[in-house]
Peer 1: 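Quick one: this structure, given as structure tokens, is what I'll be asking you about.
Chain letters run A, B, ... following the sequence lines, proteins first, then strands; residues in each count from 1.
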Number of protein chains: 2
Amino acid sequence: MVATTTRQQIVEAADKRFYERGFEATSFADIAAVVGLSRGNFYYHFKTKDEILEAVIAHRLSKTRAMLDAWEVEGKTPTDRIRSFINILIMNQAKIMAHGCPVGTLCNELAKLDHVAKNRAAELFTLFRNWLSRQFRDIGHDTGADEFAMHILMRSQGVAALATAFRDEAFVRREVEDMCQWLTAQQPTSSPK
Amino acid sequence: MVATTTRQQIVEAADKRFYERGFEATSFADIAAVVGLSRGNFYYHFKTKDEILEAVIAHRLSKTRAMLDAWEVEGKTPTDRIRSFINILIMNQAKIMAHGCPVGTLCNELAKLDHVAKNRAAELFTLFRNWLSRQFRDIGHDTGADEFAMHILMRSQGVAALATAFRDEAFVRREVEDMCQWLTAQQPTSSPK
DNA sequence: GTCTATACGAAGATAGAC
DNA sequence: GTCTATCTTCGTATAGAC
């Protein structure tokens with residue numbers, strides 16, 4: 001068994017609260033209460049709020065890499081793997097309807113605050129972007145793979161945003177279905193040039 | 001000339017700050033400083049922050065209605081009018097890259113705060129949705145017009161989100177072009193059934 | 001490594017003078 | 001309708017005891 005350090009607990013609690021409530025709206029007392037720490041002790045682990053944010057982003061980057069690696073192993077074909085990505089919208093539907101996409105909403109908030117960590121948070125997008133790009137290359141798209149990656153990323157962001165505003169499950173299902181159809185249509189023709 | 005009331009000035013300053021910095025991150029002092037008011041006097045006009053938010057949303061709804069009405073007059077065909085909508089992504093590119101979509105980011109923030117006004121803010125989306133839906137009906141889509149409206153709304157949200165994160169003008173142009181092509185492809189066949 | 005106590009400023013909000 | 005003064009709460013941050 002892995003002993004969960006206090007630091008880890010703080011990062012996980014902060015991660016959750018930042019996602020559910022937002023970075024600005026989350027206070028130290030808020031996080032400390034979840035972990036069961038006094039506010040004073042908090043500063044032993046993190047000196048400033050920005051330090052916690054950096055730790056949370058690093059934690060999310062690490063979790064995301066692990067998830068992408070898992071999809072790499074599970075999916076038989078690149079197309080299957082991309083479907084894993086699209087399906088997050090279904091898997092996390094309830095959370096997305098309540099709090100939006102964790103990546104998109106964090107990037108938006110940090111952009112507004114013009115926060116030093118805004119580009120660091122965007123690395124989360126880059127992780128997905130590069131992974132998707134590689135899948136499209138593996139399908140056979142020697143050119144345009146990155147454009148395809150951005151397109152599918154864009155769609156998932158759009159669906160998440162409207163899912164939060166309208167909380168319409170049928171809409172989410174429909175758009176996921178449409179994304180999968182689009183994906184199928186992107187298979188390069190097997191006929192020779 | 002229209003005498004700008006202090007109340008109007010407050011609403012417009014709050015509107016701008018809420019968009020550029022976010023609702024939570026904007027303080028009374030912040031808005032008061034822009035208008036040139038003391039904090040104390042502020043409360044003569046608005047009792048709570050939520051009251052300002054409601055006034056800002058009402059103001060945005062009114063501005064949006066005026067914009068949609070203008071597009072209605074300017075655009076010769078429904079397709080032209082929908083293009084006006086798509087083109088906001090180009091027109092407001094710089095602002096979107098810095099602060100995201102005003103509607104999407106507000107809805108996201110209020111959803112996280114589980115704020116009483118979150119559904120009120122979503123009415124801004126509904127305005128666009130219904131307007132787009134009507135355009136698609138006018139094109140000739142007796143069924144599915146709302147689905148088309150949601151699809152185009154979804155795409156514009158997705159583009160805005162990634163524009164903020166990556167600040168890539170080429171990406172925005174490419175996706176706008178792709179949306180316009182999609183739109184053209186949605187013209188119902190003129191051939192009889 | 002964890003606690004209590006405390007400093008400090010910012011923010012929301014109120015009372016009352018002008 | 002605008003101001004100053006004031007209150008309270010909260011959030012960030014520090015010092016120092018256990």
Peer 1: At 4.0 Å (heavy atoms only), tell me whether A:Ser27 reaches a base, stays on the sugar-phosphate, or touches nothing.
Peer 2: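 The residue A:Ser27 makes sugar-phosphate contact but no base contact.
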Peer 1: What is the ring orientation for B:Phe136 with B:His141, classed by angle as parallel under 30°, tilted 30 to 60°, or perpendicular over 60°?
Peer 2: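 It falls in the perpendicular class, over 60°.
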Peer 1: Parallel, tilted or perpendicular: which fits the ring planes of A:Phe85 and A:Trp71, with parallel below 30° and perpendicular above 60°?
Peer 2: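 The rings of A:Phe85 and A:Trp71 stand perpendicular, inter-plane angle above 60°.
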Peer 1: Does B:Arg60 qualify as a cation-pi partner of B:Phe18, given the criterion of NZ or CZ under 6.0 Å from the six-membered ring centre and within 45 degrees of its axis?
Peer 2: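 No; the conditions do not both hold, so B:Arg60 does not lie above the ring face of B:Phe18.
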Peer 1: Reckon B:Thr6 has a side-chain N or O less than 4.0 Å from the OP1 or OP2 of D:dG1?
Peer 2: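 B:Thr6 to D:dG1 OP1/OP2: no side-chain N or O under 4.0 Å.
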Peer 1: For DNA chain C, what residues of residues 39-55 of chain A have any heavy atom nearer than 4.0 Å?
Peer 2: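 Those residues are A:Gly40, A:Asn41, A:Tyr44, A:His45.
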Peer 1: What is the ring orientation for B:His99 with B:Tyr19, classed by angle as parallel under 30°, tilted 30 to 60°, or perpendicular over 60°?
Peer 2: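 If you compare the ring of B:His99 with that of B:Tyr19, the planes turn out perpendicular.
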Peer 1: Charged N to carboxylate O under 4.0 angstrom, A:Asp178 versus A:Arg174?
Peer 2: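 A:Arg174 and A:Asp178: not salt-bridged.
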Peer 1: Figure out the CD/C1' separation between B:Glu24 and C:dG12, and round it to whole Å.
Peer 2: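 To the nearest whole Å, that distance equals 12 Å.
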Peer 1: Taking the six-membered ring for Trp, are A:Phe28 and A:Tyr43 closer than 6.0 Å centroid to centroid?
Peer 2: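 Yes, they do, as the ring centres are separated by less than 6.0 Å.
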Peer 1: Could you give the CG-to-P distance, from B:Asp30 to C:dG9, as a whole number of Å?
Peer 2: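 Whole-Å distance recorded here is 19 Å.
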Peer 1: Which of the following nucleotides, C:dT4, D:dA13, C:dA11, is nearest to the side chain of A:Phe28?
Peer 2: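 When the side chain of A:Phe28 is considered, D:dA13 is the closest of C:dT4, D:dA13, C:dA11.
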